[in-house]
Protein chains: 2
Amino acid sequence: MEQTKYILEEKRMPTHWYNVLPDLPDPLPPPLHPGTKQPLGPEDLAPLFPMELIRQEMSSERYIEIPEELQDIFRLWRPTVLYRAHRLEKALDTPAKIYYKYEGTSPPGSHKPNTAVAQAYYNKKEGIKRITTETGAGQWGSALSFAGALFGLEIKVYMVKCSFYQKPYRRIMMETWGGNCVPSPSEETAVGRKILAEDPDCPGSLGLAISEAVEDAVSRDDTHYSLGSVLNHVLLHQTIIGQETKTLMEDIGDYPDIIIGCVGGGSNAAGLYLPFLKDKLDGKKPDLRIINVEPTSCPTLTKGLYAYDYGDEAGMTPLLKMFTLGHEFMPPPVHAGGLRYHGMAPIVTHLHKLGLVEATAVHQLGTFEAGLQFARNEGIICAPETDHAVRVAIDEALKCKESGETKTILIGLSGHGHVDMAAYDAYLSGKLEDYEYPEEKIRAALKHLPLNGK
Amino acid sequence: MEQTKYILEEKRMPTHWYNVLPDLPDPLPPPLHPGTKQPLGPEDLAPLFPMELIRQEMSSERYIEIPEELQDIFRLWRPTVLYRAHRLEKALDTPAKIYYKYEGTSPPGSHKPNTAVAQAYYNKKEGIKRITTETGAGQWGSALSFAGALFGLEIKVYMVKCSFYQKPYRRIMMETWGGNCVPSPSEETAVGRKILAEDPDCPGSLGLAISEAVEDAVSRDDTHYSLGSVLNHVLLHQTIIGQETKTLMEDIGDYPDIIIGCVGGGSNAAGLYLPFLKDKLDGKKPDLRIINVEPTSCPTLTKGLYAYDYGDEAGMTPLLKMFTLGHEFMPPPVHAGGLRYHGMAPIVTHLHKLGLVEATAVHQLGTFEAGLQFARNEGIICAPETDHAVRVAIDEALKCKESGETKTILIGLSGHGHVDMAAYDAYLSGKLEDYEYPEEKIRAALKHLPLNGK
């Protein structure tokens, strides 16, 4: 009998996060102040984040120690399991070896708490009482609410309005952990009130919810803001996924030829692949392929503009150099809510510009088809976001079948779909449609970018 | 730092199920034929179950081998993790040590697939193409649909109508794995049509759904029936939980003083405690306390009648000697749908009659209060059923605080609550009420029991 699951002993869990910044062949373009458009200093971020996270955001240390108290909390659900997909391989009749690292066994059911508890921890240390954030599909808001419960912090979540009503289960999860969740746009912020005055039926967007959360945070001394993806320190915290995986694959005596993850802001995919990318940067594994998968309805990496842009709708956040569909992007109706963000992590953007990672966009229908095939063979019903990675993994495994190559494919299985069954229902009942974000909208967005799209 | 999670290596997983029947001090009263009221022979069950499961149902072998093919499938989610509840202990300020064995990481999110895949396996071996079953809250129907996907079997699920409409996510999970789920009472069976003719708005019950599933199964040669709890072979398959736990606790050097599980039909609790009960029967651990927890709204063990009764509403199943609220029991509105069954596993019934295990009934509001406290400390949001066990575990831990005893408490954490968030919403918004099943209804049920309640 062949082994199916691989898991580290708790005592072998990573004790440090891996910071890719010092290993990048070129430095990241710096974030700019939204007012002055000049490079930001740490003090500019202090109203939003604790100093330790700001330090991590800009750090040139390669390995950053994980505090013991935090490691203890990670043990509530970490280390997570690396699976060998024996049954899927057989069903596909592929010579490829497929592995997946599954983050769906965390309390909120995704990779998000890896950074949520770290951010809550550093805020608590700095004396902060309350954290605001935004959430799209609700994975991030529930992860931060979970983290807030562990540290006795008040959590306020601005949830994109259409998701708030479509996905009540995520809101209730937040409330179960003691979080406070309101639909965005809300009456609680100036930016929310302004939008509601113009359009009372505005369905909301992640960019707008970020604006509300940021406004709320800067208006109160006891409150900070927290972002669940995109920023360097968020990707840093997620490298615990890739490090666990790398150690396990060393134990197994295998190494991935292709690493595949879905990207919204980029943190789950990067968290898995950055520790492996180091080997590529070091010349140890020059052929390693890394594929970022996004929806055709939100093709940030594959069709977006490479420019400085705001992280939010209202232009309150620092400017980040990233692939973007424009900060005024209003998401089309796609069920992978976690992938509906106009921007992309600067690190992922930069790696893509440098040709170190690939990107591909896939249609919604194909992702659910892949999700069904996965569920019926491996058991796990993935989140619709995760199905994007599964789609491309299956495609790569089928290419191996054609070519006869025995490649090793590693998938980032970022979360389970038990709270997203309505999306599966829409697919199963034939109500789901494919959608490609129109190129003319991307061209039009160019006009609204700060710095004229530079 | 103290270890939080304990997990067996795959190669140390149990290779046999533990069968308590030969170790019982008195034999179980035999099941009776619903027509003749005489003890059943194996051939009487053949229209419903494959011969290997019938053999297991009546076996006097202490250890029954788990086929390797089945062990391979268990590895998709087993072994599961045993947790030490460090944070909950601290929050309760108790000297008690609390452990919980968590079954919520299986693909459907509960212990149910442990028997679902075993039952599907033996049916497949016998050439069966299709399996019918009933489901209340939907945990069992989704587990059997998952098992059907793995073995290429058609699964037909009769789901209690009120849950079918209240809990669409579970239905969609079944469909995602390829199962076919209809609300019960349905137009697809004679018993369903009869009930609908009398009361088109009948909300259904588990007993009625069983009648429909049994009628469907006996009317087709290629079809068998499957039950997710109550029967001896179901409890047998669940002993994999207790065996894993026992080995882990031996590794740790600890042993439970109290084992606590919630009971509907009894399989998850018994699956956890039967391997430990063996030590009590053998005189090795005479003081071991085992507590079965049920809702006050369905107080089968604590207030039910001890008598032969049908497993289903229409009286089509064999008669089992068990604690029962009467097979015509219509469940009151309680959110722990998996605990709303009129009967109880004959093994659990028998152990309770013999004074080897205890039973207690708890109010709904207290279970959600416990669930919230658990979620905010340990992270995991339990299924409402599971919260019943958590409630009593917290109570026992608080008694230890008063007495200063350092007891070891082991909880069966049967599943997660991500698909049951509506119940948490009702609790959090103050819409949930306590309910005690009235004694007069139990007395009234006596008149409708077969064999005049003997």
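The sequence lines fix the lettering, A, B, ..., with proteins before strands; numbering per chain opens at 1. Every heavy atom of this structure was used, including side-chain atoms; hydrogens, water molecules and symmetry mates were not. On a predicted model such as this, the values are computed, not experimentally measured, just so you know.
- In terms of heavy-atom pairs under 4.5 Å with chain B, the best-connected choice from Pro108(A), Pro107(A), Ser429(A) is Pro107(A).
- The OH atom of Tyr424(A) lies 15.0 Å from the CZ atom of Arg171(B); values are rounded to the nearest 0.5 Å.
- For Asn377(B), the part sitting under 4.5 Å from any heavy atom of chain A is the backbone (N, CA, C, O) and nothing else.
- When side chains are defined from C-beta on, Trp77(B) does not count as touching Ile380(A), because their heavy atoms never get closer than 4.5 Å.
- One N or O on the side chain of Glu10(A) and one on the backbone of Thr4(B) form a donor-acceptor pair closer than 3.5 Å.
- Contact tally against chain A (heavy-atom pairs below 4.5 Å) for Leu428(B), Asp420(B), Ile381(B), Thr105(B): the top residue is Ile381(B).
- To the nearest 0.5 Å, the span separating OH on Tyr83(A) from CG on Leu76(B) amounts to 8.0 Å.
- For chain A, the nearby parts of Ala422(B) are the backbone and the side chain; heavy atoms of each come within less than 4.5 Å.
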request  = Kindly determine whether Met421(A) and Val419(B) satisfy side-chain contact (heavy atoms from CB on, under 4.5 Å), including the steps that lead there.
outcome  = CA-CA 9 Å; Met421(A) 296 314 299; Val419(B) 193; 5.8 Å; no
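- Between Pro79(A) and Lys5(B) there is a side-chain heavy-atom pair separated by less than 4.5 Å.
- Remark: Asp72(B) does not engage Arg87(A) in a salt bridge, criterion side-chain N to carboxylate O under 4.0 Å.
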Chi angles and distances behind the side-chain contact (heavy atoms from CB on, under 4.5 Å) call for His416(B), His418(A) = CA-CA 10 Å; His416(B) 74 58; His418(A) 291 187; 2.9 Å; yes
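- Counting heavy-atom pairs closer than 4.5 Å to chain B, the top residue among Gly109(A), Gly178(A), Ser145(A) is Gly178(A).
- Counting heavy-atom pairs closer than 4.5 Å to chain B, the top-ranked of the candidates Gly379(A), Gly148(A), Ala149(A) is Gly379(A).
- Using a distance-only test at 3.5 Å, with no hydrogens or angles considered, no donor-acceptor pair links the side chain of Arg376(A) to the main chain of Gly152(B).
- The residue among Ile7(B), Ile172(B), Ile73(B) with the most heavy atom pairs within less than 4.5 Å of chain A is Ile172(B).
- Atom CZ of Arg75(B) is separated from atom CD of Glu2(A) by 10.0 Å, given to the nearest 0.5 angstrom.
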